[in-house]
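Along the sequence shown, residues are numbered consecutively beginning with 1.
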Amino acid sequence: PHVAVMKRQYRMNKGILKLIQPIYSIHEGFELIDEKQVAANDVKCINILGNEVVSGTSQYNIEEGNAIVSFLKEFQRNREQFPHIKTIGVITGYRAQENFLRRNLKSVKIPGIQIGTFDRFQGREYDLVLISLVRTIKLGFTNDIRRINVAFSRAKNHLLIFGNIEALNKIAMKATRAVDEQSNNDAKEESFVVKTLIPTLYKMREDYVSDKERVDALMTFLKENYYE
């Protein structure tokens with residue numbers, strides 16, 4: 001007989017949960033039960049008009065990296081305003097982007113921060129999570145829902161997604177037709193990415209005219225949405 005597998009979650013607020021919950025409906029028998037039940041304005045999708053750069057077998061995105069570095073420097077300068085944010089995860093799919101972030105944050109001491117690629121974060125949780133999507137030519141790891149699920153679901157209270165959402169949305173639109181011609185599980189997963197996840201991020205995206213405007217907006221967002 002068929003037995004439904006249910007996963008109960010106690011970590012995420014509802015905004016973060018809503019973003020990833022459809023992943024669990026792709027495969028029959030899986031259901032995600034929300035035991036935390038905390039409604040919150042807890043997700044920001046920041047559109048960064050950067051470009052991916054190849055570095056060996058990896059990629060990095062300078063504009064995206066700089067946006068994250070600027071925010072974290074300002075956050076640390078005002079850390080006393082955020083006593084509820086004790087742990088920070090900065091997650092990317094690419095070692096070159098991880099190295100870029102580490103180099104540019106070397107002079108800043110940020111207690112409770114961890115920077116790394118998706119696979120290092122399995123089973124961990126953070127008050128604040130920043131995700132760097134990096135890619136602008138291909139979907140790359142954005143098309144791997146297992147890794148995206150790990151990254152998005154590490155956040156307890158705040159999730160900030162940095163990426164060139166406009167470029168990713170164009171790639172997703174082109175990929176839709178090819179996905180429609182397939183019917184296997186891999187196609188179901190890719191269909192979720194190109195038809196649901198990326199269009200959702202595209203609708204959520206926020207653009208800023210300057211680095212200062214973006215940093216100020218994110219700082220205000222954290223101040224106005226305080227969760228224990």
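Here the side chains of R79 and Q76 are in contact, with some heavy-atom distance below 4.5 Å. V194 is listed as a side-chain neighbour of L139, based on a closest heavy-atom distance under 4.5 Å. Between R135 and I171 there is no side-chain heavy-atom pair separated by less than 4.5 Å. Side-chain atoms of N225 and D42, non-hydrogen and from C-beta on, never get closer than 4.5 Å to each other. For the pair H158 and H84, the minimum side-chain heavy-atom distance is below 4.5 Å. Side-chain contact between N157 and I85 is absent, with no heavy atoms from C-beta onward closer than 4.5 Å. With contacts defined as side-chain heavy-atom distances shorter than 4.5 Å, the pair Y202/E166 qualifies.
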side-chain contact (heavy atoms from CB on, under 4.5 Å) evaluation trace for E63 with L49:
CA-CA 7 Å; E63 294 84 358; L49 298 180; over 6 Å; no
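Between Y60 and F100, the ring planes are parallel. Angles under 30° get that label, and only those over 60° would be called perpendicular.
In this structure, CD1 on I131 lies 9.5 Å from CG on L201, to the nearest 0.5 angstrom. Here the straight-line distance linking atom CZ of R102 with atom CZ of R95 works out to 9.0 Å at 0.5 Å rounding. Once rounded to the nearest 0.5 Å, the distance linking CD of E98 with CZ of F118 reads 12.0 Å. Between atom CG of residue N169 and atom CD1 of residue I198 there is a gap of 7.5 Å, rounded to the nearest 0.5 Å. With rounding to the nearest 0.5 angstrom, the CD atom of E190 is 11.0 Å from the CG atom of D144. I68 CD1 to R214 CZ: the interatomic distance, rounded to the nearest 0.5 Å, is 9.5 Å.
Counting only distance, with no hydrogens or angles, the side chain of R154 and the backbone of R124 share a donor-acceptor pair below 3.5 Å. When atom types are taken as modelled, the side chain of Y94 and the backbone of F141 share a donor-acceptor pair closer than 3.5 angstrom. Remark: side-chain polar atoms of S58 are not paired, donor with acceptor, to backbone N or O of S55 under 3.5 angstrom. Side-chain atoms of T87 come within 3.5 Å of backbone N or O of D127 as a donor-acceptor pair. In this structure a side-chain-to-backbone donor-acceptor pair under 3.5 Å is present from N47 to I165.
R120 and Q114 form no side-chain donor-acceptor contact under 3.5 Å, judged by distance and modelled atom types alone. For the residue pair E64 and S132, a side-chain donor N or O sits within less than 3.5 Å of a side-chain acceptor on the partner. A donor-acceptor pair shorter than 3.5 Å cannot be found between the side chains of N164 and T136.
Taking both residues in full, the closest heavy atoms of F121 and G89 are given as CE2-CA, 4.0 Å, listed atom of the first, atom of the second, then distance. Contact record, P83 with K86: O-NZ, 2.8 Å, taken as the closest heavy-atom pair. In this structure, A67 and I48 approach most closely via the heavy-atom pair CB-CD1, 3.7 Å. Of all heavy-atom pairs between N104 and K73, the closest is O-CE, 3.8 Å. The minimum heavy-atom distance between T176 and A172, with the atom names listed, is OG1-O, 2.9 Å.
A single hydrophobic cluster is not seen to contain both I137 and V193; linkage of ILVMFWY side chains at heavy-atom distances under 4.5 Å, directly or through other members, places them apart. When hydrophobic clusters are built by joining Ile, Leu, Val, Met, Phe, Trp and Tyr residues whose side-chain heavy atoms come closer than 4.5 Å, directly or via intermediates, V108 is grouped together with V90.
Applying the ring pair (Phe, Tyr, Trp, His ring centres under 6.0 Å) criterion to F162, with sequence neighbours excluded, gives no partner residue. Annotation: ring pair (Phe, Tyr, Trp, His ring centres under 6.0 Å) contacts of F82 (sequence neighbours excluded): F75.
Results of the side chain to side chain contact (heavy atoms under 4.5 Å, CB included) test with F71 over D216, D211, L130, N66 single out L130 as the only residue that passes. When each of I161, I145, V43 is tested with F152 by the rule side chain to side chain contact (heavy atoms under 4.5 Å, CB included), just one qualifies, namely I161.
Applying the 6.0 Å contact sphere to NZ of K170 captures no more than 12 heavy atoms from other residues, nucleotides or ligands.
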